[in-house]
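Single-structure report; data block below.
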Amino acid sequence: MITSDVGFNEMVSYLSRAGWRRAKAGPLAELWQPNGDSGSSVLVPRSADAEDFRKIVNILTDEVARREQRLPEDVLRDISRQFLDVTDLRAQGEDIAEGTISLQAGMGLFNAANHLMVSAAAATINRQSYYGTSIPKAAHAHARRLRLGQTREGSYVVPIISSARFGATARNEDGIPLLEVHSEDTYFDRRVLATLSRSLETLSEMSVDRDRVPSRSEVLDSVGEGVSSELCAAVLEVIGKGKVGIFDVAFNWAPASPVPVDLRSHVFFAREHEAILSSISKELKDSETPSDTVLYGVIRRMSLKANEESGRVALETVIDGRRRSVSFELDLATYRRAAQYHGERRRVVVTGILDSTPGRPASMKVRTFGPDRSVMTFDQVDE
């Protein structure tokens, strides 16, 4: 379950990033001091089951807040979010004032929160232009695990809270990272947000950043980036049905987890884009493109013969809860990129038609290939 409880790891993470250092460590607690000030200190309890745990946490929070000249509740909130990603859905408009929003706009915003996360989770599992009744059960299950934070005044904001606490990366005897099913499962929440960020960025490029309706081929190509008719419909619930002037999405990545790169931290849509978004949504809904499976993993083997126009890659991934090897062909330009990611020990993401017939080696006809934007390298995960 995703919670914003404060524990030992959250406090240590916050203090280390706020300019404090560990002065003493014991089995029950640690003593931390501000850099350059040995006369001040705070006690960090290790066990949340201790009778005085909450009291000590309050003392620590008050002392940090005093030094930072901030409110204790703001400091406590930041400590609690060390391993949480927070996605802010913001509605802006003339009728939003004094922390209130019209019922119609509010319903659109909250419905969009659910539908955005479901569509992104579905696209993290497989890419389709239109899901209809075929949204994976795991996508709905993921949305049920998420939490909503309190709305904030000013422009109406709904924070969606998801986990960014990842499992440890094991290694073989030779030091090469080993893909583990449990550890990979812990990345699903972050991968959903990476999918959401990239798909909204792509949708924005097609609807906000240009003055024309995108071509059919451009719309269909966007499916490979996670765009779907359902994603469009979620945005339209706010700027269309909700009649909100501006709807923007901001991604606030957990401070204590590896931060994705090459992803926008902020995407927005305006009510004036309703018509073009409706057109894109209809194009996607009417399309009959096949569903592509999405695989995340690490490259284990690569082979390229002389004078060949493509190279062969073996990907270690997780399919149906089991570690599997999937082989596929890549053109020379993509193969060179794969070699770079292999050398950097980066996780990659591959989409395409998967053949995992029992009793036979698994293979894939690749449609898209690239780095796993949710995490950079195995070394960064270990930090």
Side-chain angles (χ1 to χ4, degrees), residues 1-24 28-93 96-101 106 109-110 113 146-165 189-190 193 246-259 265-266 268:
M1 181 177 179
I2 300 169
T3 69
S4 56
D5 291 339
V6 171
F8 174 77
N9 290 332
E10 282 80 6
M11 289 183 283
V12 166
S13 173
Y14 182 88
L15 290 173
S16 64
R17 286 168 170 76
W20 294 65
R21 61 177 180 81
R22 182 184 290 107
K24 293 181 180 179
L28 300 179
E30 293 185 352
L31 192 68
W32 282 67
Q33 295 178 330
N35 287 332
D37 184 2
S38 59
S40 301
S41 63
V42 293
L43 192 66
V44 183
R46 286 185 174 275
S47 175
D49 296 329
E51 184 176 344
D52 57 352
F53 179 82
R54 179 54 56 187
K55 179 180 178 181
I56 297 176
V57 170
N58 290 337
I59 294 174
L60 179 150
T61 303
D62 289 342
E63 175 60 21
V64 173
R66 183 188 66 79
R67 294 188 64 88
E68 296 182 356
Q69 298 182 346
R70 301 171 63 202
L71 294 175
E73 53 265 35
D74 291 341
V75 171
L76 187 63
R77 181 196 63 231
D78 290 346
I79 294 175
S80 71
R81 291 186 175 179
Q82 291 298 295
F83 297 94
L84 298 175
D85 290 329
V86 181
T87 306
D88 287 334
L89 307 185
R90 182 190 305 268
Q92 301 181 66
I96 301 173
E98 298 181 355
T100 66
I101 190 172
L109 190 61
F110 279 93
L146 299 176
R147 309 289 293 179
L148 286 179
Q150 292 184 345
T151 58
R152 296 198 290 274
E153 293 185 2
S155 301
Y156 205 83
V157 179
V158 174
I160 304 175
I161 304 171
S162 56
S163 174
R165 192 186 296 274
D189 285 15
R190 170 60 70 81
L193 287 190
I246 296 177
F247 171 50
D248 67 60
V249 182
F251 297 91
N252 307 291
W253 306 106
S257 301
V259 177
S265 60
H266 175 261
F268 86 96

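Everything quoted here is computed from the prediction, not taken from an experiment.
- Distance check: E10 CD to I79 CD1 gives 9.5 Å after rounding to the nearest 0.5 Å.
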Trace of the side-chain contact (heavy atoms from CB on, under 4.5 Å) decision for R70 with D78: CA-CA 11 Å; R70 301 171 63 202; D78 290 346; 2.5 Å; yes
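- Within the 3.5 Å criterion, the main-chain N or O of S162 finds no donor-acceptor partner in the side chain of D189.
- With values rounded to the nearest 0.5 angstrom, Y156 atom OH is found 11.5 Å from L89 atom CG.
- The CG atom of L84 sits 13.0 Å away from atom CH2 of W253, with the distance rounded to the nearest 0.5 Å.
- A distance-only check finds a donor-acceptor pair linking the side chain of S257 to the backbone of A164 [under 3.5 Å].
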side-chain hydrogen bond (donor to acceptor under 3.5 Å, both in side chains) evaluation trace for Q92 with D248: CA-CA 8 Å; Q92 301 181 66; D248 67 60; 2.9 Å; yes
Could you pull out every donor-acceptor pair under 3.5 Å between side chains of residues 49-62 and any protein atom, sequence neighbours left out?
{"unit_1": "N58", "atom_1": "ND2", "unit_2": "R54", "atom_2": "O", "d": "3.3"}
{"unit_1": "T61", "atom_1": "OG1", "unit_2": "V57", "atom_2": "O", "d": "2.8"}

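- A heavy-atom distance below 4.5 Å is found between the side chains of V157 and R90.
- Rounding to the nearest 0.5 angstrom, the gap separating the CG atom in L43 from the NZ atom in K24 is 11.5 Å.
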Derivation and outcome, side-chain contact (heavy atoms from CB on, under 4.5 Å), residues L109 and F247: CA-CA 9 Å; L109 190 61; F247 171 50; 3.8 Å; yes
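- Of all the heavy atoms in S13 and Q82, the pair that sits closest is OG-OE1, 2.7 Å.
- For the atom pair CG (L148) and CD1 (I160), the distance works out to 6.5 Å, reported to the nearest 0.5 Å.
- Shown are R165, R147, R190; of these, the salt bridge (charged side-chain N to carboxylate O under 4.0 Å, His left out) with D85 is made only by R190.
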Could you list the donor-acceptor pairs under 3.5 angstrom formed by side chains in residues 34-42, with sequence neighbours left out?
{"unit_1": "N35", "atom_1": "ND2", "unit_2": "G19", "atom_2": "O", "d": "3.2"}
{"unit_1": "D37", "atom_1": "OD1", "unit_2": "G39", "atom_2": "N", "d": "3.1"}
{"unit_1": "D37", "atom_1": "OD2", "unit_2": "S40", "atom_2": "OG", "d": "3.1"}
{"unit_1": "D37", "atom_1": "OD2", "unit_2": "R67", "atom_2": "NH1", "d": "3.0"}

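- Remark: side-chain polar atoms of Q69 are not paired, donor with acceptor, to backbone N or O of A65 under 3.5 angstrom.
- Annotation: the span from Q33 atom CD to L15 atom CG amounts to 11.5 Å, rounded to 0.5 Å.
- Using modelled atom types, one side-chain atom of S16 and one backbone atom of V12 make a donor-acceptor pair closer than 3.5 Å.
- In this structure a side-chain-to-backbone donor-acceptor pair under 3.5 Å is present from R17 to P255.
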